[in-house]
Amino acid sequence: ITLDASATDAAGNTTTAARVLLPVADRAGPTLTLRTSTGSLDIVPGGVVTVVGQADDETAVDRVVLSGQGAFSVSSSRQVSPPSNSTQVTFPITVPANAAVGSVLNLSATATDVFGNVSAPATLALTVASTIGVSLPPSVLVAAGEGAPLAVTLSAPAPAGGVRVD
């Protein structure tokens with residue numbers, strides 16, 4: 001806010017005061033959401049998942065910080081350059097090859113604006129899922145209403161409970 005003032009006395013003499021600049025305080029933190037680039041909440045041992053943070057702020061987002069614990073630990077930070085009032089940042093996360101199937105990686109992230117205001121934490125839970133290679137024959141022709149045997153080969157033994165092939 002810019003303040004300009006002048007004063008006039010009874011004799012008509014006018015003087016101008018020095019201009020005063022008053023900063024407007026931004027006390028609201030950014031908003032932040034997390035998702036994966038594919039929309040899937042499953043991650044695969046030895047694979048890479050890309051986590052996307054969408055941050056918005058009335059002034060400008062300066063930084064997004066991500067951390068995760070559970071199946072394994074992860075920590076990363078992205079500077080937004082130049083700062084922007086709406087931005088997407090990506091965090092590629094490598095899943096360790098020995099990550100236990102069924103374990104969960106609990107992610108949490110915050111965004112900070114140029115005034116130092118911090119968002120509420122955004123969270124995302126990703127489950128380590130088993131991937132078993134499925135080999136199918138090149139093709140099988142079946143007439144409507146009939147069936148045919150189909151040999152399916154798995155690259156590893158099926159876990160307890162079986163494997164669903166769609």
Original post:
Taking it one step at a time, do Leu107 and Val74 satisfy side-chain contact (heavy atoms from CB on, under 4.5 Å)?
Top reply: CA-CA 8 Å; Leu107 297 171; Val74 64; 3.7 Å; yes
Under 3.5 Å donor-acceptor pairs involving side-chain atoms of residues 38-49, not counting sequence neighbours:
from  : atom 1 : to    : atom 2 : distance (Å)
Thr38 : OG1    : Ser40 : N      : 3.2
Ser40 : OG     : Asp42 : N      : 3.1

Once side chain to side chain contact (heavy atoms under 4.5 Å, CB included) is applied, do any residues pair with [X], and if so which ones, sequence neighbours excluded?
{"X": "Ala11", "answer": "Asp9, Asn13"}
{"X": "Val114", "answer": "Thr59, Ala60, Asp62, Pro83"}
{"X": "Thr123", "answer": "Ser108"}
{"X": "Thr31", "answer": "Asp56"}

Original post:
Other than Val104, which residues form its hydrophobic cluster under the rule that side-chain heavy atoms must be closer than 4.5 Å?
Top reply: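 Joined to Val104, directly or through intermediates: none.
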**OP:** Supply the members, apart from Leu141, of the Ile/Leu/Val/Met/Phe/Trp/Tyr cluster built from side-chain contacts under 4.5 Å; use none for a lone residue.
**Re:**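 Direct or chained contacts put Leu141 with none.
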Side-chain atoms of residues 87-96: list all donor-acceptor pairs with protein atoms under 3.5 Å, sequence neighbours left out, distances to 0.1 Å.
from  : atom 1 : to    : atom 2 : distance (Å)
Gln88 : NE2    : Gln54 : OE1    : 3.3

[X] versus [Y], closest heavy-atom pair with distance:
{"X": "Ser84", "Y": "Ser86", "value": "OG-O, 2.9 Å"}
{"X": "Ala55", "Y": "Val64", "value": "CB-CG2, 4.3 Å"}
{"X": "Val142", "Y": "Ala148", "value": "CG2-CB, 3.8 Å"}
{"X": "Asn106", "Y": "Ala125", "value": "OD1-CB, 3.8 Å"}

[X]: what forms a side-chain hydrogen bond (donor to acceptor under 3.5 Å, both in side chains) with it, not counting sequence neighbours?
{"X": "Arg78", "result": "Ser76"}
{"X": "Ser73", "result": "none"}
{"X": "Ser75", "result": "none"}

**OP:** Calculate, to the nearest 0.5 Å, the distance between atoms CG and CG belonging to Leu34 and Leu66 respectively.
**Re:** 6.5 Å
**OP:** Report the distance from atom CG of Asp26 to atom CG of Asp57, rounding to the nearest 0.5 Å.
**Re:**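 Spacing of CG (Asp26) from CG (Asp57) equals 5.5 Å.
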Subject >> Pairs satisfying side-chain hydrogen bond (donor to acceptor under 3.5 Å, both in side chains), at least one member in residues 111-120, at least two apart >> reply: Asp113-Asn117
Subject >> hydrophobic_cluster_shared for Leu124 and Phe72, side chain cutoff 4.5 Å >> reply: yes
Original post:
Is any side-chain heavy atom of Thr36 closer than 4.5 Å to a side-chain heavy atom of Val52?
Top reply: no
